[in-house]
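These figures come from a predicted structure and were not determined experimentally.
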Amino acid sequence: MKAETASSANPAGYIAPFAQRNYYREAVKRLQGLARELRSDYGGKKSDFNILCNSPVPEKPLAVASGLGSIGRNSLIIIPEAGSLCIIAAMTLPFALEGDPPLTGSEVFPYCRSCDTRLPPCAAACPTRAVTGDGSIDLSRCIQWYASGKGNTVPEEIAQNWGNRLYGCTDCQDQCVHNMRPIQGLVTEEGVLPGYIDPQKLLTMTEAELKARFKGTSLGFSWLIPQGIRRNACMILGQYQRQQ
Ligand code: SF4
Ligand code: SF4
């Protein structure tokens, strides 16, 4: 779903589908179950099975090396089962396994062959021209980067294209041909959030109230609460510049 523009009469804060459930928490839960099974079958201490999710490890290169998928021109990992609509989680093991080979060999952007090389759909769809098309994103122009609490200030051009996003810009991913199929195994009830939340109401809440409201959800991360959420709410309401 495309977020509405700033001129919309509807000020409801949009939460993108990927943030309406806490898929990171679900991934950790599934890996914990797998760790229990592996320990039961092969032994090992609990600390041998270290789960890494939303962590600083280089997830994309590891995912490519593990044969999960390949990097797309949108800079994201693309996997056959779900396009770029996936998260990456990892787990250490106390024993060696034979690794899978890279899924698509050494070809660069193997999943992007069918797209226009000058202006692929992911780049054309980006409202702030952040998708370079060469496999990277200009983060200084990316709404999602700012919405994640990054950047000291939001440039005027980005602010003008913010629309009603409380959290989650997916315009580039929405236009990718690999992201238009149903995805198996996606169901989770972890951290359920609605598609829209009133940004005005969020600005009246204390830090403790915001933490309680978003606890366990994909908006509950320490780096987002409270400053990030408040800034996003201000962006929707057009109050951001006045708060500088
Ligand atoms: S998340 Fe939004 S702003 Fe960022 S690159 Fe994609 S479309 Fe552009
Ligand atoms: S829209 Fe095309 S070029 Fe962009 S990531 Fe998807 S397949 Fe690759």
Side-chain angles (χ1 to χ4, degrees), residues 15-72 74-107 110-111 135 144 148-149 167-168 170 173 176 178-195 208 210-225 228-229:
I15 299 176
F18 75 82
Q20 291 174 20
R21 298 289 186 278
N22 191 340
Y23 292 107
Y24 292 105
R25 186 175 267 219
E26 176 66 25
V28 169
K29 204 171 78 176
R30 292 186 191 187
L31 283 175
Q32 285 170 335
L34 179 61
R36 279 193 295 276
E37 280 182 37
L38 290 172
R39 280 183 70 209
S40 157
D41 290 349
Y42 302 105
K45 300 190 297 290
K46 196 171 179 184
S47 58
D48 291 332
F49 298 86
N50 189 15
I51 295 170
L52 304 160
C53 186
N54 221 346
S55 76
V57 301
E59 293 172 333
K60 288 188 224 173
L62 283 174
V64 172
S66 307
L68 286 176
S70 193
I71 299 291
N74 59 1
S75 88
L76 301 172
I77 188 99
I78 295 177
I79 65 173
E81 299 85 357
S84 60
L85 302 178
C86 59
I87 63 160
I88 304 170
M91 183 168 70
T92 61
L93 298 173
F95 45 80
L97 287 178
E98 190 179 339
D100 292 327
L103 195 64
T104 47
S106 58
E107 183 182 350
Y111 290 116
Q144 181 56 34
S148 302
Y167 193 79
T170 58
Q173 294 197 77
C176 179
H178 298 294
N179 295 341
M180 296 175 181
R181 300 160 294 167
I183 302 173
Q184 302 298 319
L186 197 61
V187 178
T188 178
E189 292 306 312
E190 292 289 340
V192 176
L193 286 174
L210 283 171
K211 278 184 180 168
R213 172 65 184 89
F214 293 116
K215 187 177 178 189
T217 74
S218 56
L219 272 62
F221 292 118
S222 56
W223 63 83
L224 202 54
I225 296 280
I229 289 293

Check whether any side-chain heavy atom of F49 lies under 4.5 Å from a side-chain heavy atom of L31, and answer yes or no. no
Closest approach of P194 to R213 (non-hydrogen atoms, all atoms of both residues): CD-NH2, 3.8 Å
D100 side-chain N/O to L68 backbone N/O, donor-acceptor pair under 3.5 Å: no
Backbone N/O of P94 and side chain of K45: donor-acceptor pair under 3.5 Å: no
Taking N50 for the side chain and T92 for the main chain, is one N or O donor matched with an acceptor at less than 3.5 Å? no
Interatomic distance, Y42 atom OH to L93 atom CG [nearest 0.5 angstrom]: 10.5 Å
Report the residue from I79, I78, I183, T170 that forms a side-chain contact (heavy atoms from CB on, under 4.5 Å) with L85. I183
Hey, what do you get for SG (C53) to CD (E26), rounding to the nearest 0.5 Å? 10.5 Å
First locate atom OG of S218, then atom CZ of F18, and finally report the distance between them rounded to the nearest 0.5 Å. 7.0 Å
Here the gap from N74 atom CG to Y111 atom OH, rounded to the nearest 0.5 Å, amounts to 13.0 Å
Write down the atom of S148, the atom of L224, and the distance for their closest heavy-atom approach. C-CD1, 3.7 Å
Just by modelled atom types, is the G44 backbone N or O under 3.5 Å from a matching donor or acceptor in the R39 side chain? yes
Under 3.5 Å: donor-acceptor pair, side chain of S40, backbone of R36: no
Pairwise side-chain contact, K60 with S75, heavy-atom cut-off 4.5 Å (strictly under): yes
To the closest 0.5 Å, what do you measure between CD1 (I229) and OH (Y167)? 8.0 Å
With a 4.5 Å cut-off on side-chain heavy atoms, are N54 and F221 touching? yes
Can a donor-acceptor pair be found between the side chains of N22 and T188 at a distance below 3.5 Å? no
Nearest non-hydrogen partners of G195 and Q20, listed with the distance: CA-NE2, 3.4 Å
Is there side-chain contact between Y23 and L186, with heavy atoms separated by less than 4.5 Å? yes
Could you give the distance from CD (Q173) to CG (N179), rounded to the nearest 0.5 Å? 5.5 Å
To check you understand the geometry: which heavy-atom pair defines the closest contact between G69 and I77, and what is its length? C-CD1, 4.0 Å
E190 bridged to K29 by N-O distance under 4.0 Å: yes
Is there a donor-acceptor pair closer than 3.5 Å between any side-chain N or O of T217 and the backbone N or O of L219? yes
Of the non-hydrogen atoms in L193 and R21, which two are nearest, and what is the gap between them? O-NH1, 4.0 Å
Contact check, side chains of L76 and C176, non-hydrogen atoms, under 4.5 Å: no
